[in-house]
Enquirer: 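I have a structure I would like to understand better, so I am pasting it below and will then ask my questions one at a time.
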Amino acid sequence: MNTDEAPGKDFIRHIVAADVEEGRHSGRVQTRFPPEPNGYLHIGHAKAICLDFDIAQEFGGQCYMRFDDTNPEKEDIEYVEAIQKDVRWLGYDWGDRLAHASDYFQELHNFAINLIESGKAYVDSLSAEEIRTLRGTLTESGKNSPYRNRSVNENLRLFSAMEQGEFEEGEHVLRAKIDMASPNLNLRDPTLYRIRKITHQRTGDKWCIYPMYDFAHTLSDALEGTTHSFCTLEFEDHRPLYEWFLENLPVPHSPRQIEFSRFNLMFTVMSKRKLAQLVDEGHVQGWDDPRMPTLSGMRRRGYTAASIRDFIGRIGITKKENVIELGALENCIREELNDTAPRRFAVLKPLKVVISNYPDDGEEWLEAANHPNRPELGFRQVPLCREIYIERDDFEEDPPGKFRRLSPGVEVRLRYAYIIKCEDVIKDPSGEIIELHCSYDPSTRSGTGQGQRKVKGTIHWVSAKHAFCSEVRLYDRLFASPYPDRGADNFKQHLNPDSLEVLVDAALEPALAQAQPEERFQFERQGYFMIDAELSDTNQLVFTRTVTLRNSWAKMEHQALQKFGTAG
RNA sequence: UGGGGGAUCGUCUAGUGGUAGGACAGCGGACUCUGACUCCGCUAGCGGGGGUUCGAAUCCCUCUCCCCCAGCCA
């Protein structure tokens with residue numbers, strides 16, 4: 001097979017293309033992204049957002065941004081604003097097509113009257129418990145409510161009284177009259193309206209009856225002229241109800257609902273309820289905590305919108321349950337940042353090195369490439385003097401076999417500078433290594449073509465005198481288990497206690513002092529980092545690690561530990 | 001035990017009666033002043049059993065396993 005071929009379209013695009021070809025809806029394509037403003041958007045929503053907006057665009061149609069705000073109890077303007085910000089950030093523009101289910105409350109109400117008048121809806125005065133009992137079970141059919149055969153006039157009168165606020169919450173509901181014996185529970189006279197005496201964030205106190213999801217969502221789609229209504233699998237058996245509304249009401253358009261599977265990410269949870277719990281109970285510092293799978297959290301972590309869209313494109317659309325490896329996501333941001341991020345030196349866990357044969361007051365500035373594979377990005381100067389910092393992990397007194405770093409008597413290259421050799425290890429009384437004494441070979445300066453001998457390895461470093469100290473935050477997966485919400489135990493038991501490591505005395509090269517918010521860097525041999533604008537101020541910069549570099553050495557170490565146990 | 005869905009390399013995903021392909025991961029190698037990047041190579045899959053057919057992931061039968069549904073949430 002030809003590898004140049006474009007990847008196959010997903011099943012939804014096949015369906016839409018076929019509909020267009022057959023001239024349904026006059027070839028028009030219109031979609032909508034319908035979030036409920038009861039929480040922040042997460043990476044799972046990105047799949048729906050991309051699907052809704054991309055398909056509309058691909059077929060020359062339009063996509064509405066519509067808030068499904070039919071439950072004032074849970075919804076809040078804070079979420080409405082955050083959601084819009086996140087969708088825009090992802091790169092989508094709904095133009096003037098911003099809508100709310102609440103914009104349609106009057107029309108929805110008219111549809112309800114219509115159903116009552118045609119004998120297809122009735123006011124039920126049973127309690128919630130009684131309704132549940134009469135609904136039956138998965139295997140037993142339900143029973144009709146004693147109020148099911150009220151006259152049209154009585155239903156009209158009661159519904160009007162509900163609307164006028166003459167009843168308390170829970171006294172009555174409006175139900176569709178469909179089939180209490182249906183094997184599909186959604187068709188056993190579903191509730192259409194309930195009484196809620198709560199101020200709505202948009203309509204205020206105008207209404208005290210609010211439509212239920214199935215009713216409001218279907219008819220909002222129909223009123224807007226949606227042609228294709230995408231949603232996740234759990235709504236699959238709501239489709240017959242969706243279609244029942246379309247068939248039994250004088251709707252201007254008949255959209256088609258198509259379901260796809262949500263996606264799940266290993267080492268994380270993806271339900272708004274659970275994410276809200278992490279926020280409320282203080283396991284994270286907010287919806288935008290860089291460990292959260294929310295779009296705002298990932299943005300703060302350093303993910304770009306392009307990398308998220310790239311990721312969504314790669315995981316595809318199917319109806320199969322799926323759990324995606326974290327590496328697949330990380331790969332997307334690494335790929336982008338490897339290409340675009342300027343390189344810098346940062347010593348995260350410093351160990352002082354004295355270059356004993358370097359002049360006491362000596363100082364020189366060396367040229368270091370901003371990007372080794374992209375010379376057009378130029379160079380910056382890094383200072384060297386007699387005392388420098390290297391990474392503590394880059395020295396081992398008794399190194400394992402394949403260690404390609406510094407150890408006693410061994411030579412390594414200071415990247416973009418000289419070859420040094422470890423002559424002496426200085427320890428404090430407790431035996432902890434506090435300083436290294438090294439000699440350097442002045443003939444081996446980088447770029448001179450001299451001193452090209454093979455050494456053990458190349459390490460990064462920062463001049464002690466010129467270093468500026470910064471806080472660096474190393475974020476890791478929020479959960480220690482790949483499937484935190486599988487099994488009977490509480491998902492919070494799987495929280496990773498090491499998901500955040502705060503380093504307060506990282507030594508950064510001077511050029512980093514000019515770092516701007518949004519600028520991303522590769523700290524060589526470490527990973528990709530960005531300023532956390534929330535935590536930084538003029539006195540103190542705080543850098544956040546977006547993702548580590550791929551690290552085959554760490555992998556080897558990990559495998560060795562697995563093999564020989566973790567003791568010692 | 002009712003109804004609705006789903007099963008293709010470790011993980012995602014193509015395939016629509018004609019050599020099971022791609023991505024990520026993994027393994028091996030080359031390169032390397034980042035144990036990065038890049039490049040080369042390799043490993044690895046149609047849930048089981050029948051049937052139709054010259055030929056089946058694809059069509060038929062059957063079995064198994066997994067997910068969703070009993071809110072006045074969405």
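Predicted, not measured: the structure shown is a model, and the values here were computed from it. Within every chain, numbering begins at 1; the chains are lettered A, B, ... in the order of the sequence lines, protein sequences first and strands thereafter.
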Enquirer: Salt bridge between A/Glu411 and A/Arg453, side-chain N to carboxylate O under 4.0 Å?
Expert: yes
Enquirer: Whether A/Arg239 and A/Glu259 form a salt bridge (side-chain N of Lys/Arg under 4.0 Å from carboxylate O of Asp/Glu) is what I want to check.
Expert: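 Yes.
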Enquirer: Roughly how many Å apart are B/G10 and B/A44, using the C1' atom of each and rounding to a whole number?
Expert: 8 Å
Enquirer: A/Asn71 side chain: which of B/C73, B/G6, B/C69 is closest?
Expert: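 Closest nucleotide to the A/Asn71 side chain: B/C73.
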Enquirer: What's A/Val323 touching, base or sugar-phosphate or nothing? Going by heavy atoms closer than 4.0 Å.
Expert: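 A/Val323: backbone/sugar contact only, no base atoms under 4.0 Å.
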Enquirer: Side-chain N or O of A/His238 versus OP1/OP2 of B/G3: is the shortest distance under 4.0 Å?
Expert: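 Checking A/His238 against B/G3: no side-chain N or O falls below 4.0 Å of OP1 or OP2.
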Enquirer: Heavy atoms only, 4.0 Å cut-off, all strands: where does A/Leu337 land among base, sugar-phosphate and nothing?
Expert: nothing
Enquirer: Can you tell me the Watson-Crick or wobble partner of B/G2, both distances under 3.5 angstrom?
Expert: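 Paired with B/C69.
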Enquirer: Can you tell me the Watson-Crick or wobble partner of B/A57, both distances under 3.5 angstrom?
Expert: none
Enquirer: Reading nucleotides 24-30 of chain B 5' to 3', which nucleotides get B (base under 4.0 Å from a protein heavy atom), which S (sugar-phosphate only), which -?
Expert: SSSS---
Enquirer: Take the protein atom CZ of A/Arg273 and the nucleotide atom P of B/A74, then report the distance between them rounded to whole Å.
Expert: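 So the two atoms are 17 Å apart, to the nearest Å.
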Enquirer: Report yes if the distance between the aromatic ring centroids of A/His238 and A/Tyr242 is under 6.0 Å, otherwise no.
Expert: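 Centroid distance A/His238-A/Tyr242: not below 6.0 Å, so no.
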Enquirer: One thing to verify: whether A/Arg148 and A/Asp189 come together as a salt bridge, which I'm taking to mean a side-chain N less than 4.0 angstrom from a carboxylate O.
Expert: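 Salt bridge flag = yes for A/Arg148 with A/Asp189.
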Enquirer: Considering only the P atoms, how many Å lie between B/G47 and B/C9, rounded to the nearest integer?
Expert: 7 Å
Enquirer: So, A/Arg262 and A/Glu321, do they make that salt bridge, N to O below 4.0 Å?
Expert: no
Enquirer: Using the C1' atom in both, what is the distance from B/C67 to B/G26, to the nearest Å?
Expert: 29 Å
Enquirer: Across the strands shown, which category fits A/Ser261 at heavy-atom distances under 4.0 angstrom: base, sugar-phosphate, nothing?
Expert: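 Result for A/Ser261 = nothing.
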Enquirer: Heavy atoms from C-beta onward define the side chain here; which of B/U34, B/G5, B/A14 lies closest to that of A/Thr458?
Expert: B/U34
Enquirer: Provide the distance between the two P atoms, one in B/U53 and one in B/A7, to the nearest whole Å.
Expert: 28 Å
Enquirer: Are A/Phe33 and A/Tyr64 an aromatic pair by the rule of ring centers under 6.0 Å?
Expert: no
Enquirer: I'd like the C1' distance from B/C65 over to B/G51, given in whole Å.
Expert: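 Looking at atom C1' only, B/G51 and B/C65 are 23 Å apart.
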Enquirer: So, is A/Lys9 near the phosphate of B/U13, with a side-chain N or O under 4.0 Å from OP1 or OP2?
Expert: no
Enquirer: Tell me whether the side-chain N/O atoms of A/Arg262 come closer than 4.0 Å to OP1 or OP2 in B/C68.
Expert: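 For B/C68, neither OP1 nor OP2 has a side-chain N or O of A/Arg262 closer than 4.0 Å.
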Enquirer: Can you tell me which nucleotide in B/G3, B/C72, B/C73 comes closest to the side chain of A/Val173?
Expert: B/C72
Enquirer: Tell me whether the side-chain N/O atoms of A/Arg188 come closer than 4.0 Å to OP1 or OP2 in B/G71.
Expert: no
Enquirer: B/G3 P sits how many Å from A/Asp179 CG, rounded?
Expert: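 Rounding to the nearest Å, CG of A/Asp179 and P of B/G3 are 14 Å apart.
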Enquirer: Could you check whether A/Arg344 makes a cation-pi contact with A/Phe523, meaning its NZ or CZ is under 6.0 Å from the centre of the six-membered ring and within 45° of the ring axis?
Expert: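 Not satisfied by the 6.0 Å and 45° rule.
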Enquirer: If I pick the P atom on B/A57 and the same atom on B/A20, what distance separates them, to the nearest angstrom?
Expert: 8 Å
Enquirer: Rounded to whole Å, please give me the gap between CG in A/Asp394 and C1' in B/A36.
Expert: 14 Å
Enquirer: Touch check for A/Arg135, heavy atoms < 4.0 angstrom, all strands: base, sugar-phosphate only, or nothing?
Expert: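 Result for A/Arg135 = sugar-phosphate.
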Enquirer: Starting the side chain at C-beta, find the nucleotide from B/C68, B/A70, B/C72 nearest to A/Ala128.
Expert: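 Nucleotide nearest to A/Ala128's side chain: B/C72.
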Enquirer: So, do A/His200 and A/Tyr210 sit near enough that their side-chain heavy atoms are less than 4.5 Å apart?
Expert: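 A/His200 reaches A/Tyr210 side chain to side chain.
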Enquirer: Taking the six-membered ring for Trp, does A/Tyr213 stack with B/A74 (centroid gap under 5.5 Å, planes within less than 30°)?
Expert: no
Enquirer: One thing to verify: whether A/Lys421 and A/Asp441 come together as a salt bridge, which I'm taking to mean a side-chain N less than 4.0 angstrom from a carboxylate O.
Expert: no
Enquirer: Would you classify A/Thr191 as touching base, sugar-phosphate or nothing, given that sugar-phosphate means primed atoms plus P, OP1 and OP2, and contacts are heavy atoms under 4.0 Å?
Expert: sugar-phosphate
Enquirer: Students often get this wrong, so: under 4.0 angstrom with heavy atoms, is A/Ile317 touching a base, only sugar-phosphate, or nothing?
Expert: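 It contacts sugar-phosphate atoms only.
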Enquirer: What's A/Tyr416 touching, base or sugar-phosphate or nothing? Going by heavy atoms closer than 4.0 Å.
Expert: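 Counting heavy atoms under 4.0 Å across all strands, the contact made by A/Tyr416 includes a base.
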Enquirer: Looking only at side-chain atoms of A/Thr139, point me to the closest of B/U1, B/G35, B/U34.
Expert: B/U1
Enquirer: If the threshold is 4.0 Å, N to carboxylate O, is there a salt bridge linking A/Arg32 and A/Glu224?
Expert: no
Enquirer: May I ask you to evaluate whether A/Arg194 reaches the phosphate of B/C73, defined as a side-chain N or O under 4.0 Å from OP1 or OP2?
Expert: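 Yes, such a contact exists.
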Enquirer: Between B/G35, B/A74, B/A14, spot the one nearest the side chain of A/Thr318, thanks.
Expert: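 Nearest to the side chain of A/Thr318 among the choices is B/A14.
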Enquirer: With respect to the side chain of A/Met212, which nucleotide from B/C72, B/C68, B/A70 is positioned closest?
Expert: B/C72
Enquirer: For A/Asn373 and for A/Gly316, locate the closest nucleotide of RNA chain B by heavy-atom distance; then report the residue assigned to the nucleotide nearer the 5' terminus.
Expert: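 By nearest-heavy-atom nucleotide position, the 5'-most residue is A/Gly316.
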Enquirer: Using a cut-off of less than 4.0 Å, is there contact between a side-chain N or O of A/Arg239 and OP1 or OP2 of B/G4?
Expert: no
Enquirer: How would you label the contact of A/Thr70 with the nucleic acid (heavy atoms, under 4.0 Å): base, sugar-phosphate, or nothing?
Expert: sugar-phosphate
Enquirer: With a 4.0 Å cut-off on heavy atoms, is A/Phe403 in touch with a base, just the backbone sugar-phosphate, or nothing at all?
Expert: base
Enquirer: Classify the nucleic acid contact of A/Pro372 as base, sugar-phosphate or nothing, counting any heavy atom under 4.0 Å across all strands shown.
Expert: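 Since a base atom lies under 4.0 Å of A/Pro372, the category is base.
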Enquirer: Please work out if A/Gly313 contacts a base, only the sugar-phosphate, or nothing of the nucleic acid, heavy-atom cut-off 4.0 Å.
Expert: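 No contact.
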Enquirer: Counting distance alone, no hydrogens or angles: does the base of B/G4 have a donor or acceptor under 3.5 Å from a partner atom on the side chain of A/Asn184?
Expert: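 Under the 3.5 Å cut-off, the side chain and the base do not form any donor-acceptor pair.
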Enquirer: What about A/Gln526, does its side chain sit under 3.5 Å from the base of B/U34 through a donor-acceptor pair?
Expert: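 Absent.
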Enquirer: Quote, to the nearest angstrom, the P distance that separates B/G22 from B/A74.
Expert: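 These two P atoms come out 46 Å apart once rounded.
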Enquirer: Give me the distance, rounded to whole Å, that separates B/C68 from B/A36 when you measure between the P atoms they each carry.
Expert: 41 Å
Enquirer: Specify the glycosidic conformation (syn or anti) of B/G49, with syn defined as within 90° of 0.
Expert: anti
Enquirer: Answer yes or no for A/Lys274 and A/Phe491: cation-pi contact, defined as NZ/CZ to six-membered ring centre under 6.0 Å and angle to ring axis within 45°.
Expert: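 Yes, A/Lys274 sits over the ring of A/Phe491.
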Enquirer: Side chain of A/Lys402 only, heavy atoms from C-beta on: which candidate in B/C72, B/U34, B/G35 is closest?
Expert: B/G35
Enquirer: Once you round it to whole Å, what is the distance between P of B/C66 and CZ of A/Arg486?
Expert: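 Going from A/Arg486 (CZ) to B/C66 (P), I get 12 Å.
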Enquirer: Of A/Thr137 and A/Ile315, whose closest RNA chain B nucleotide lies nearer the 5' terminus?
Expert: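 Per heavy-atom nearest nucleotide, the more 5' residue is A/Ile315.
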Enquirer: Evaluate A/Glu36 against A/Lys74 for salt bridge (Lys or Arg N to Asp or Glu O under 4.0 Å), listing each step before the verdict.
Expert: CA-CA 9 Å; A/Glu36 183 190 16; A/Lys74 293 185 176 175; 5.8 Å; no
Enquirer: Students often get this wrong, so: under 4.0 angstrom with heavy atoms, is A/Phe235 touching a base, only sugar-phosphate, or nothing?
Expert: base
Enquirer: Give the nucleotide from the list B/C72, B/A74, B/G4 with an atom nearest to the side chain of A/Asp237.
Expert: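 Within the option list, the nearest is B/G4.
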Enquirer: Base, sugar-phosphate alone, or nothing: which one does A/Gln522 contact when heavy atoms must sit under 4.0 Å apart?
Expert: base
Enquirer: Using both distances under 3.5 Å as the test, list the Watson-Crick or G-U wobble partner of B/G21, or none.
Expert: B/U13
Enquirer: Base, sugar-phosphate alone, or nothing: which one does A/His460 contact when heavy atoms must sit under 4.0 Å apart?
Expert: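 The residue A/His460 makes no contact with any strand.
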